[in-house]
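Have a look at the structure below, then the notes.
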Amino acid sequence: MVKQSMERDPEISIRLFSDPHLLSTIRATVEGLAKVVGFAEKSRGLLMLAIDEALANVIRHGYEGRTDEMIWVHLWQVREPRGIRIIIEDLGRSVAPEKIKGRDLSDVKPGGLGVHIIKETMNESCWEQRPEGGMRLTLVKWLSPEELQNVTPSKPENTLP
Amino acid sequence: MNQELVIEQKTIGDMIVLRPTGDIDMARSSAIRKVVTEVVRTRPAKLVIDLTVVDYMDSSGIATMIEALQVSMRNKMKFVLVGVGPKVRSAFEITKLIGMFTICDTVEDAGK
């Protein structure tokens, strides 16, 4: 349901129920691809955190805690600049993107940290309302210059063996 | 699929040490919240949460730690985090909340 025109297929596509118990499985998958791309351990940890927060927000706000709704996660390696792109889609409650904001961190209180974590971690984060209902979140993170230096050249994207 | 959170509880002198095992995420943070609430009712002088065997914590886990800190302060208890590993530390750092907490390397240090 996700593939946008003019784009190649994602390396990994997952459809999951909106069940918090499944988040650890997605974290492990994201970490695995991030390792292939060349992200260092700290970046991989933050990437997992950002994806986790994005999915938790879908479950908590989009589906209001219901555990039997659908979420789609698509992961791409990107080459120029080298990094990872993730699209998360749902059919939950739709929110105007301009209303999605991180809160003021000087106000120390529990909750509301997810959007801040996503924006701090990712180089790009873009929420959109899907025409067919629900939301689409596109996330991009590039390798840092230090991580790039440690990456060995690889074959072109999606090259078949 | 991750397992239910196991939380070991120990009393050492006038402090209670909670030692959760595994990831603390949306599916599991409520278990810690529940145990903290129960422990605070017993009014120990110090509540220690030992995160030595916690590899991952999301914002719901951080929110739980903030709640535990705040409820400890309200009840005039000391609150200490122990064994904060790199991934958990990153989560605290990115939310700029690391400075709110007293963090020790070991439970022995927390008891001093």
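Only this structure's heavy atoms are used, side chains among them; waters, hydrogens and symmetry mates stay out.
No path of Ile, Leu, Val, Met, Phe, Trp and Tyr side chains, each step under 4.5 Å between heavy atoms, connects B:F79 with B:V48, placing them in separate hydrophobic clusters. Hydrophobic clustering (side-chain heavy atoms under 4.5 Å, transitive across Ile, Leu, Val, Met, Phe, Trp, Tyr) groups B:I103 together with B:L18. A:V37 is connected to A:L148 through a chain of hydrophobic side-chain contacts under 4.5 Å among Ile, Leu, Val, Met, Phe, Trp and Tyr, so both are in one cluster.
The number of heavy atoms from other shown groups lying within 6.0 Å of CZ (A:R66) is above 12. Atom CZ of A:F17 is surrounded by 12 or fewer heavy atoms from other residues, nucleotides or ligands within 6.0 Å. Counting heavy-atom neighbours within 6.0 Å of A:K119 NZ, excluding the residue itself, gives a total above 12. Residue B:K46 places its NZ atom among more than 12 non-hydrogen atoms of other residues, nucleotides or ligands, all under 6.0 Å distant. The neighbour count for B:Q9 CD, taken as heavy atoms of other residues, nucleotides or ligands under 6.0 Å away, is above 12.
Separating the CZ atom in B:R28 from the CG atom in A:L23 is a distance of 11.5 Å, to the nearest 0.5 Å. A:R27 CZ to B:D23 CG: the interatomic distance, rounded to the nearest 0.5 Å, is 4.5 Å. Separating the CD1 atom in B:I62 from the CD atom in A:E53 is a distance of 7.5 Å, to the nearest 0.5 Å. Atom CD1 of A:I117 and atom OG of B:S90 lie 11.0 Å apart (nearest 0.5 Å). Note that CE of B:M26 is 4.0 Å distant from CZ of A:R60, once rounded to the nearest 0.5 Å. We find the CG-CG distance between B:D58 and A:L113 to be 10.0 Å, quoted to the nearest 0.5 Å.
Shown here for B:Y56 and A:D52, the closest heavy-atom pair between the two residues is OH-OD2, 2.9 Å. Residues A:P20 and B:D25 approach most closely at O-OD2, 4.5 Å, considering heavy atoms.
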*With side chain to side chain contact (heavy atoms under 4.5 Å, CB included) as the test, would you mind laying out the steps for B:K96 and A:E120 before giving the verdict?*
CA-CA 11 Å; B:K96 301 181 171 51; A:E120 280 288 308; 3.9 Å; yes
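For A:H116 (side chain) and B:I94 (main-chain N/O), a donor-acceptor pair under 3.5 Å exists by modelled atom type.
Residue contact with chain B, scored on non-hydrogen atoms closer than 4.5 Å, is absent for A:R44. At a 4.5 Å heavy-atom cutoff, the contact between B:M57 and chain A is made by backbone atoms alone.
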